[in-house]
Each structure stands twice: as structure tokens, then as C-alpha cells.
> 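One structure, pasted below without further comment.
Every value quoted in this text rests on a predicted model; they were computed, and no experiment measured them. Positions are given from 1 along the sequence.
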Amino acid sequence: MTRDEEDAILRRYAAGEISWHALRERGFDSYRDVLGGLGALGLRPPIAPMDGPNLAARQRARAVIRAALTAGRG
């Protein structure tokens with residue numbers, strides 16, 4: 001796969017058009033490489049929608065992280 005093809009796939013991933021599973025099928029073996037590629041393109045990983053069966057657990061985890069970050073500023 002060429003660099004341009006990799007960049008195009010990473011752009012689709014950042015836009016939420018394809019999943020991590022789809023990236024792996026296309027030859028991306030390390031999420032670290034995905035994050036590095038996104039960073040080089042000035043992109044961020046997609047954010048999962050706040051719905052579904054794990055919503056409550058995700059909200060609790062976000063609250064814990066937010067509290068830890070707030071405590072670190074004080």
C-alpha cells in the first residue's frame with residue numbers, strides 16, 4: 001500500500017467511515033501506528049457515539065477521568 005493510500009484510509013477512519021477492524025483488514029497491525037499516522041495528518045481518532053449498552057459505564061469512566069484531571073489542576 002502506498003503512503004497516499006494509507007493516508008486516505010486514515011482519513012476515512014478519522015471521519016468515522018470505517019472501523020478499527022477495517023483498518024486491520026487493510027494491513028494496520030498496531031494502533032500506535034494508526035495514532036501516529038493520524039497525528040502526522042493533523043487528525044484525531046473518531047469518537048464513539050454516546051449510546052448503546054455500555055453508555056452508563058462510559059459515562060462513569062469519563063466522570064472518573066474528569067475528576068482526576070480537575071484534582072491535578074488544584
Side-chain angles (χ1 to χ4, degrees):
M1 176 178 341
T2 68
R3 185 67 200 166
D4 287 341
E5 290 170 330
E6 286 182 11
D7 290 351
I9 291 169
L10 290 172
R11 288 179 196 286
R12 290 185 62 206
Y13 176 67
E17 296 173 6
I18 61 173
S19 66
W20 163 238
H21 179 76
L23 288 179
R24 293 192 66 179
E25 287 178 337
R26 289 169 172 83
F28 289 88
D29 295 326
S30 167
Y31 199 65
R32 183 184 311 166
D33 294 339
V34 171
L35 292 176
L38 290 172
L41 294 170
L43 301 171
R44 293 179 159 211
I47 304 292
M50 290 298 283
D51 60 11
N54 296 324
L55 177 60
R58 290 182 63 203
Q59 289 173 328
R60 286 191 304 273
R62 288 177 66 162
V64 168
I65 292 168
R66 193 171 286 118
L69 291 172
T70 301
R73 292 182 192 158

> According to the side-chain hydrogen bond (donor to acceptor under 3.5 Å, both in side chains) rule, which pairs have a member within residues 36-62, sequence neighbours left out?
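Every pair satisfying side-chain hydrogen bond (donor to acceptor under 3.5 Å, both in side chains) with a residue in residues 36-62: there are none.
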> Looking at residues at least two apart in the chain, or sitting in another chain, which of them share a side chain to side chain contact (heavy atoms under 4.5 Å, CB included) with R3?
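R3: side chain to side chain contact (heavy atoms under 4.5 Å, CB included) contacts with E6, D7.
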> Determine, using the 4.5 Å side-chain heavy-atom cutoff (strictly less than), whether I18 and M1 are members of one ILVMFWY cluster.
yes
> Which atom pair, heavy atoms only, marks the closest approach of A14 to L38?
CB-CD2, 3.9 Å
> Test: ring pair (Phe, Tyr, Trp, His ring centres under 6.0 Å). Region: residues 37-64. Which pairs qualify, not counting sequence neighbours?
none
> Any salt bridge (charged side-chain N to carboxylate O under 4.0 Å, His left out) pairs touching residues 11-31, not counting sequence neighbours?
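Qualifying pairs, neighbours excluded: R12-E17.
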> With sequence neighbours excluded, give me every ring pair (Phe, Tyr, Trp, His ring centres under 6.0 Å) pair touching residues 43-73.
none
> Provide the full list of ring pair (Phe, Tyr, Trp, His ring centres under 6.0 Å) pairs with a residue in residues 6-44, sequence neighbours left out, each pair given once.
W20-Y31
> Starting from V64, walk the hydrophobic network (Ile, Leu, Val, Met, Phe, Trp, Tyr; side-chain heavy atoms closer than 4.5 Å) and list everyone else you reach, by chain and number.
none
